[in-house]
J.: 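One structure is given below, represented as structure tokens, and several questions about it will come after.
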Amino acid sequence: MSPHDPARGFASLAVHAGQEPDAETGAVIPPVHFSTTYAQDGIGGLRHGYEYGRSGNPTRTALQTQLAALEGGAHAFSFASGLAAEDTLLRAALSPGDEVLLGNDVYGGTYRLLARVLGTWGVRLRVVDMSDADAVCAAVEASPPQILWVETPSNPLLRITDIAGLAAIGHAAGALVVVDNTFATPALQQPLALGADVVVHSTTKYLGGHSDVVGGALVTSDDALAEKIGFLQYAVGAVSGPLDAWLTTRGIKTLDVRMQRHSENAAAVAAFLDGHERVERVYYPGLAAHPGHELAGRQMSRFGGIVSVALESGEAARRFAESTRLFTLAESLGGVESLVNYPDAMTHASVRGTEAAVPVEIVRLSVGIEDPGDLLADVAQALAV
Ligand SMILES: *Cc1c(COP(=O)(O)O)cnc(C)c1O
């Protein structure tokens, strides 16, 4: 970013990075480029490096420029899904025999990718409570891993990990420190500035923001790693298509205002649930009683839009999840509409019975941007069923 660039603040970058008006027509919204191939001015005479749609596409470049600017990274790569991004990163960074130290309540698909896909290619996996620095130190000392993989806030229990502290532990052991920033988004938390090496996103969630596009991204300032990721993005080809890239770019332009509203609504829902007679425990980092409250206050600019709640039994949790009316019972999160999810049988069914399993009493709410009064009324009626 040049010092003369007028877009420097986060909300300005979200709207403008990678979005210069079209050079030829002045179209304020750059066109979506569907072409799979590019005319060459003589053999090998590429215009702006574009050759073939898997290796590069201007709409994808625009999204990658936007993502790099928002996370404060030198390089960003966009993929067909969050898991495709993760797979590409893991293959770029690891060799058979290498080990990943993983948080114990990461996204179920991340655990499954490591345990059931990369595991058969010789990648080893250990699980630890990443929010417990002593446990992480002990695990790293017992055997130094190649990657420390953290999600903060975690899914679905909203544990908060000290990214700067974890980066120091990881770097002392020579490990790459990876943060899945899907829940917080760069609007609320900037892991690279806190010392992480790579940021991972499921852009399907808040970045896209409208539950209409699946995608993923990697952002890093490590040039050598970026070269390996770029090669695999091209050589394996799990890239985002032009329309997916465009929808994601369009979603990101409103990220800052959406995250503000998601956070305000989630705080209202968490406060309502906290102390309700049917509720055993509320998991929301914005609540003063949350064990990660103070750390989250330092590391995040707001507390985000996800609230999890423990009811008195698995049966009560299932009943609540099936009784909301404005909150739609569905997987995923981060869209403008409120969703309710029962992790044990839905998003986290793949980790049932493993060390990453989610208690049966837990319900996760992705609090949308509707009117807060309507959301509270819906939660109240569902708890009364
Ligand atoms: C959804 C999700 C993923 C996986 O992303 P997909 O786009 O579904 O492949 C990874 N991490 C987190 C935290 C997620 O919520």
Side-chain angles (χ1 to χ4, degrees), residues 63 67 71 76-91 100 102-118 127 130-131 147 149-161 163 178-189 191 196 198-219 233 236 238-241 244-245 247-248 251-252 255 259 262 266 283 285 300 304-308 330-335 339-343 346-351 356 358 362 364-368:
L63 170 59
L67 289 164
E71 288 288 2
F77 302 89
S78 158
F79 295 89
S81 72
L83 285 175
E86 294 185 15
D87 177 56
T88 302
L89 170 62
L90 291 164
R91 286 201 269 172
V100 178
L102 194 67
N104 65 345
D105 60 351
V106 299
Y107 178 69
T110 301
Y111 181 89
R112 180 179 56 206
L113 174 64
L114 278 158
R116 294 183 51 193
V117 181
L118 292 165
V127 172
M130 283 288 173
S131 63
I147 289 183
W149 187 290
V150 63
E151 245 179 83
T152 179
S154 72
N155 177 19
L157 296 181
L158 289 309
R159 288 199 184 96
I160 304 295
T161 297
I163 295 173
V178 178
V179 175
D180 184 333
N181 204 26
T182 299
F183 269 42
T185 84
L188 308 187
Q189 169 175 283
V198 188
V199 168
V200 173
H201 276 288
S202 169
T203 57
T204 313
K205 315 295 167 51
Y206 287 109
L207 295 187
H210 298 74
S211 305
D212 55 9
V213 57
V214 172
L218 301 174
V219 187
Q233 184 193 39
V236 178
V239 295
S240 28
D244 290 1
L247 281 169
T248 307
I252 288 174
L255 180 67
M259 291 315 291
H262 280 298
Y283 300 81
M300 302 170 72
I306 307 294
V307 178
S308 289
E331 307 221 357
S332 200
L333 58 97
L339 300 179
V340 58
N341 162 52
Y342 180 62
M346 293 171 62
T347 49
H348 289 65
S350 68
V351 292
V358 177
I362 298 288
R364 185 188 75 191
L365 299 170
S366 174
V367 181

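Just so you know, ligand 1 is whichever comes first in the structure, and atom 1 is the first atom listed for that ligand.
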J.: Can any side-chain N or O of Gln189 pair as donor or acceptor with the backbone N or O of Thr152 at less than 3.5 Å?
T.: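 Yes, the answer is positive, given that a donor and an acceptor are paired below the 3.5 Å cut-off.
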J.: Glu86 heavy atoms, cut-off 4.0 Å: which ligand 1 atoms fall inside?
T.: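 Taking each heavy atom of Glu86 in turn, ligand 1 has 10 (C), 11 (N) under 4.0 Å.
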J.: For Ser202 and ligand 1, does the shortest N/O to N/O distance drop below 3.5 Å?
T.: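 Yes; the residue has a nitrogen or oxygen that sits under 3.5 Å from a nitrogen or oxygen of the ligand.
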J.: Check for a donor-acceptor pair, side chain of His348 on one end and backbone N or O of Asn155 on the other, with a separation under 3.5 Å.
T.: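 Flag set: sc His348 to bb Asn155 pair under 3.5 Å.
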J.: For ligand 1, which part of Leu83 has a heavy atom less than 4.0 Å away: the side chain, the backbone, both, or neither?
T.: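 Looking at Leu83 and ligand 1, atoms from backbone and side chain both fall under 4.0 Å.
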J.: How far is atom 11 (N) of ligand 1 from the closest protein heavy atom, and which atom is that?
T.: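 Going atom by atom, the protein heavy atom closest to atom 11 (N) of ligand 1 ends up being Asp180 OD2, 2.7 Å.
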J.: For the residue pair Glu151 and Thr182, confirm or rule out a side-chain donor-acceptor distance under 3.5 Å.
T.: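 No donor-acceptor contact under 3.5 Å links the two side chains.
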J.: Give a yes/no on ligand 1: does Gly215 have at least one heavy atom closer than 4.0 angstrom to it?
T.: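 Within the 4.0 Å threshold, so yes.
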J.: Checking a contact table here: which protein heavy atom is nearest atom 4 (C) of ligand 1, and how many Å away?
T.: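 Going by distance alone, atom 4 (C) of ligand 1 is nearest to Tyr107 CE2, 3.3 Å.
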J.: Would you check the N or O atoms of Gly82, main chain and side chain alike, for any that come under 3.5 Å of an N or O of ligand 1?
T.: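 Indeed, backbone or side chain, Gly82 has an N or O that close.
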J.: Check whether any side-chain N or O of Ser240 sits under 3.5 Å from a backbone N or O of Ala245 as a donor-acceptor pair, and report yes or no.
T.: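 No, the answer is negative, given that no donor and acceptor are paired below the 3.5 Å cut-off.
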J.: Is His201 near ligand 1, meaning one of its heavy atoms is under 4.0 Å from it?
T.: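 It does not, in that no heavy atom of His201 comes within the 4.0 Å cut-off of ligand 1.
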J.: State the atoms of ligand 1, each with its element, that fall below the 4.0 Å cut-off from a heavy-atom position in Thr204.
T.: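 Near Thr204, the atoms of ligand 1 are 7 (O).
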J.: Looking at Ser154 and Arg159, would you say the former's side chain and the latter's main chain have a donor-acceptor pair under 3.5 Å?
T.: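 Yes, Ser154 side chain to Arg159 backbone: donor-acceptor pair under 3.5 Å.
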J.: Would Gln233 and Thr88 count as a side-chain hydrogen bond (donor to acceptor under 3.5 Å, both in side chains) here? Give the steps.
T.: CA-CA 7 Å; Gln233 184 193 39; Thr88 302; over 6 Å; no
J.: Mind checking whether Glu151 has an N or O less than 3.5 Å away from an N or O of ligand 1?
T.: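 No - when backbone and side-chain N and O of Glu151 are compared with those of ligand 1, no distance drops under 3.5 Å.
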J.: Within the side chain of Ser308, is there an N or O that forms a donor-acceptor pair under 3.5 Å with the backbone of Pro156?
T.: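 Between the backbone of Pro156 and the side chain of Ser308 there is a qualifying donor-acceptor contact (under 3.5 Å).
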J.: Is any side-chain heavy atom of Trp149 less than 4.5 Å from a side-chain heavy atom of Leu89?
T.: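 Yes, side chains in contact.
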J.: Measure the distance from atom 14 (C) of ligand 1 to every protein heavy atom, then report the residue, atom name and distance (to 0.1 Å) of the closest one.
T.: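 Of every protein heavy atom, Lys205 NZ, 2.9 Å lies nearest to atom 14 (C) of ligand 1.
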J.: With heavy-atom distances below 4.0 Å as the criterion, list the atoms of ligand 1 near Ser81.
T.: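 Reading through ligand 1 atom by atom, the close ones are 7 (O), 9 (O).
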